[in-house]
Amino acid sequence: QVQLVESGGGLVQPGGSLRLSCAASGSIFSTNPMAWYRQAPGKERELVVAITSDGSTDYVDSVKGRFTISRDNAKNTVYLQMNSLKPEDTAVYYCHIRYSRFWGQGTQVTVSS
């Protein structure tokens with residue numbers, strides 16, 4: 001059974017940084033595209049960024065230049081470096097193996113002064 005476990009969320013002031021991690025169990029990780037989604041209160045879950053198995057990336061416009069996704073296939077881990085955080089980035093962030101039914105439990109990111 002595949003499991004995804006996120007970590008790294010928390011409370012940060014506007015302009016600050018956080019690094020999220022998503023550790024995956026199982027051998028499925030290295031051959032599959034991964035993604036980070038987020039869901040803010042009262043809003044639908046949205047795709048933030050995706051990364052293919054060979055490292056190609058695709059970001060939503062609102063985070064371009066501020067967020068960076070990366071993956072370490074040897075560690076079965078995908079990361080999301082978030083810089084210059086804004087209050088509108090506040091949400092629960094989810095890790096997902098694209099085109100599958102596998103999601104992490106989510107990690108809360110709160111950007112507030």
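When the side-chain hydrogen bond (donor to acceptor under 3.5 Å, both in side chains) test is applied to S70, no partner is found at least two apart in sequence or on another chain. Shown here are the ring-ring contact (aromatic ring centres under 6.0 Å, His included) partners of Y79, two or more places apart in sequence or in another chain: there are none. Residues passing the side-chain hydrogen bond (donor to acceptor under 3.5 Å, both in side chains) test with Q3, sequence neighbours excluded: none.
Enclosure of atom CD in E88 by more than 12 non-hydrogen atoms of other residues, nucleotides or ligands within 6.0 angstrom is indicated.
The backbone N or O of F102 sits less than 3.5 Å from a side-chain atom of H96, completing a donor-acceptor pair. Here the side chain of Q105 pairs no donor or acceptor atom with the backbone of V5 at under 3.5 angstrom. Side-chain atoms of R71 come within 3.5 Å of backbone atoms of T52 as a donor-acceptor pair (strictly under, hydrogens ignored).
Under the 4.5 Å side-chain criterion, counting only non-hydrogen atoms from C-beta, V78 is in contact with C95.
Chaining together hydrophobic side chains whose heavy atoms lie under 4.5 Å apart places V92 alongside Y37, L47, Y94, W103.
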What side-chain donor-acceptor pairs closer than 3.5 Å can you find for residues 60-69, not counting sequence neighbours?
| from | atom 1 | to | atom 2 | distance (Å) |
| --- | --- | --- | --- | --- |
| D61 | OD1 | K64 | NZ | 3.0 |
| S62 | OG | R38 | NH2 | 3.4 |
| R66 | NH1 | S84 | O | 3.0 |
| R66 | NH1 | D89 | OD2 | 2.7 |
| R66 | NH2 | S62 | O | 2.9 |
| R66 | NH2 | D89 | OD1 | 3.0 |
| R66 | NH2 | D89 | OD2 | 3.4 |

Pairs of donor and acceptor atoms involving the side chains of residues 7-23, under 3.5 Å and at least two apart or interchain, shall be tabulated with distances.
| from | atom 1 | to | atom 2 | distance (Å) |
| --- | --- | --- | --- | --- |
| S17 | OG | N83 | OD1 | 2.9 |

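How far CZ of R98 is from CD1 of I51: 11.5 Å, rounded to the nearest 0.5 Å. Distance check, rounded to the nearest 0.5 Å: CE of M34 to CG of L80 gives 11.5 Å.
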